[in-house]
*Asks:* 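Before we start, here is the structure in question, set down as structure tokens.
For the numbers below, each heavy atom of this structure counts, side chains included, while hydrogens, waters and symmetry mates do not.
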Amino acid sequence: MTIETPILMTFIGYLALMMGIGFWAYKATGSVDDYILGGRKMGPGVTALSVGASDMSGWLLLGLPGAVYLGGLGEAWIGIGLVVGAWLNWLFVAKRLRIYTQQANNALTLPDFFENRFEDKQGLLKLVSAITILIFFTFYASSGMVGGAILFEKVFGLDYTTALIIGSGIIVAYTFVGGFFAVSWTDFFQGCLMLIALIIVPIAIFNSSSTTQVDALPEQSLQLLSDNTSLIGLVSLLAWGLGYFGQPHILSRFMAIGDVKDLPLSRRIAMGWMIASLMGALATGLAGSLYFSDAPLDNPETVFIYLAQAAFNPWVAGLLIAAILSAIMSTIDSQLLVCSSVITEDFYKKWLKPEASSRELMLVGRIGVLIVAIIAGIVALNPESSVLSLVSYAWAGFGAAFGPVVILSLFWQGYSRNGAIASILTGALTVILWKQASGGIFDLYEIVPGFIFATLAGALVSMMSKPEQTVTKQYQAFKAQL
């Protein structure tokens, strides 16, 4: 039996389980509310691990270990920034967003919430929000498809294009069928598998007799701050934490939890999982630096794959490598579902057929999943694509475009519809334009100027165009519920 055979059988068993969950979710999905937000009845554990798994994606098992493998622990500042950002998001945004979205005419999507929050009868704010989501999620979903293609390419010896088609097809299948229930419950199981994999792989490598001791690592690999660390570089890594406030696929989990009282427990579970997983990813990168010191890898982002195969028998390795597929699936399915909900609620129902039935909307949503997946797959066709670079671009786009809007919407009574539009446009355009430049100040991660300029634009425009009195009264009613 070759090494590919047990890995293949493990993959098939794992995927059968995921599709089984998708079919169960299909039977439990009776309305468009169920398909998009699970009927707002998700428990604290599922919510917590669904947030974590949909957040971290293949970046956690491919991009971050690869970055540490190349650059050492200096890359840990990304993780530190993410932990702080995620904790603040849970602490200050989760409860307010859950309450306000339900009060704002039971908004199911972020654009829907913005429209209802500001009573935008023209629908311009929803349109701008929806277009922004579809643009940046195309790149975000592409990053996951690149990760899936790398996985199938390295493990089964497939060419890149074939691997991309197979990996993407698997992910789309159960998202198409089950909607939010399928996505959240598969994320729960995938989050558990990801954590286990990130803990046992580096432990096995460090305990292996075939590797040298940790003190054999170059000194710079173990330094959080080295002589090469610049202020711009450090701020850029920490600034990843700003992205959490504007990620639609993460914020939708806050909107879907069944009881606001469960949020503190959910936050503790989510942050514990996140810290342990990030530490495992950092350790995996260092373990790779040790194990492959004499034979460097061609693609640093494959370090986890090769370590799993080196440290364990094929059956265990197959299960661990399936954790990469878990990470990829758990993010792309969330992204595709958000895109589906945007197409359904914010385009089709809003502009084309307001009287559409729930059954019709679910069909449109599933077709939307296919369309977005095809476009993202085309973007991912370039085999030179990097998971980390695609993720960083999309993360910055959402963080800068929506982060200031979400925060100001939840905390400032004087924030206006025109201010929200100004924030989204300024944040998105700043990220797009900043990304095209390089050198000097333009080496700063584009989320930083995007977030700052978007916040300032929203504040200035709101001061010049006050919100309607009915909008102010609705905000006061929301505050009273808190």
*Asks:* Any donor and acceptor pair, going by atom type alone, linking the side chain of Gln102 with main-chain N or O of Ala107 inside 3.5 Å?
*Replies:* no
*Asks:* Would a line drawn from the ring center of Phe478 to the ring center of Tyr475 be shorter than 6.0 Å?
*Replies:* yes
*Asks:* Could you pull out the closest heavy-atom pair between Leu251 and Val406, with the gap in Å?
*Replies:* CD1-CG2, 3.9 Å
*Asks:* Give a yes or no answer on whether the side chain of Ser462 reaches the backbone of Ala459 with a donor-acceptor pair at less than 3.5 Å.
*Replies:*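 No, because the side chain of Ser462 does not come within donor-acceptor range (under 3.5 Å) of the backbone of Ala459.
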*Asks:* Any chance the rings of Phe398 and His249 have centres within less than 6.0 Å?
*Replies:*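 Between His249 and Phe398, which both carry aromatic rings, the centre distance is not below 6.0 Å.
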*Asks:* Check the orientation of Tyr140 and Phe137. Use parallel for under 30°, tilted for 30 to 60°, and perpendicular for over 60°.
*Replies:* tilted
*Asks:* How are the rings of Phe402 and Phe114 set relative to one another: parallel (under 30°), tilted (30 to 60°) or perpendicular (over 60°)?
*Replies:*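 Phe402 vs Phe114 ring planes: tilted.
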*Asks:* Check for a donor-acceptor pair, side chain of Arg117 on one end and backbone N or O of Ala104 on the other, with a separation under 3.5 Å.
*Replies:* no
*Asks:* Under 6.0 Å between ring centres, would you say that holds for Tyr160 and Phe152?
*Replies:* no
*Asks:* Pro449 and Thr430: which non-hydrogen atoms are nearest, and at how many Å?
*Replies:*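 Pro449 and Thr430 have their closest heavy atoms at C-CG2, 3.9 Å.
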*Asks:* Scan side-chain atoms only and decide if Thr470 and Glu119 contain a donor-acceptor pair under the 3.5 Å cut-off.
*Replies:*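 Glu119 and Thr470 do have a side-chain donor-acceptor pair below 3.5 Å.
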*Asks:* On a heavy-atom basis, which atom in Ala400 and which in Val431 lie closest, and how many Å separate them?
*Replies:*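 Looks like CB-CG2, 3.6 Å.
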*Asks:* Could you check whether any side-chain heavy atom of Ile367 comes within less than 4.5 Å of a side-chain heavy atom of Tyr348, counting everything from C-beta outward?
*Replies:* no
*Asks:* Are Gln474 and Gln103 close enough that a side-chain donor and a side-chain acceptor fall under 3.5 Å?
*Replies:*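 The answer is no; no qualifying pair exists.
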*Asks:* What are the two closest non-hydrogen atoms of Leu164 and Gly377, and how far apart are they?
*Replies:* CD2-O, 3.5 Å
*Asks:* Is Glu468 salt-bridged to Arg417, cutoff N-O under 4.0 Å?
*Replies:* no
*Asks:* Do the side chains of Asp120 and Lys126 get close enough for a salt bridge, i.e. N-O under 4.0 angstrom?
*Replies:*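 No, this pair does not count.
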*Asks:* Can you name the closest pair of heavy atoms from Phe139 and Ile135 and give their distance?
*Replies:*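 Between these two residues, the closest heavy atoms are CD1-O, 3.3 Å.
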*Asks:* Taking all non-hydrogen atoms of both residues into account, name the closest pair between Ala276 and Leu195 and its distance.
*Replies:* CB-CD1, 3.6 Å
*Asks:* Counting only N and O atoms by type, is there a donor-acceptor contact under 3.5 Å from the side chain of Thr426 to the main-chain atoms of Ala422?
*Replies:* yes
*Asks:* Are the side chain of Trp240 and the backbone of Tyr445 linked by a donor-acceptor contact shorter than 3.5 Å?
*Replies:* no
*Asks:* Name the one of Trp395, Trp87, Phe254 that satisfies ring pair (Phe, Tyr, Trp, His ring centres under 6.0 Å) with Tyr244?
*Replies:*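 For Tyr244, the ring pair (Phe, Tyr, Trp, His ring centres under 6.0 Å) test succeeds with only one of Trp395, Trp87, Phe254, which is Trp395.
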*Asks:* Charged N to carboxylate O under 4.0 angstrom, Lys353 versus Glu360?
*Replies:* yes
*Asks:* Between the side chain of Arg96 and the main-chain N/O of Leu410, is any donor-acceptor distance below 3.5 Å?
*Replies:*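 Yes: the side chain of Arg96 pairs with the backbone of Leu410.
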*Asks:* Hey, is the main chain of Ala376 close enough, under 3.5 Å, to the side chain of Ser142 for a donor-acceptor pair?
*Replies:* yes
*Asks:* Is any side-chain heavy atom of Asn418 closer than 4.5 Å to one of Phe118?
*Replies:* no
*Asks:* Does the side chain of Leu263 reach to within under 4.5 Å of the side chain of Lys95, using non-hydrogen atoms?
*Replies:* yes
*Asks:* Any side-chain donor-acceptor pair under 3.5 Å between Ser423 and Tyr415?
*Replies:*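 The criterion, which ignores hydrogens and geometry beyond distance, is satisfied for Tyr415 and Ser423.
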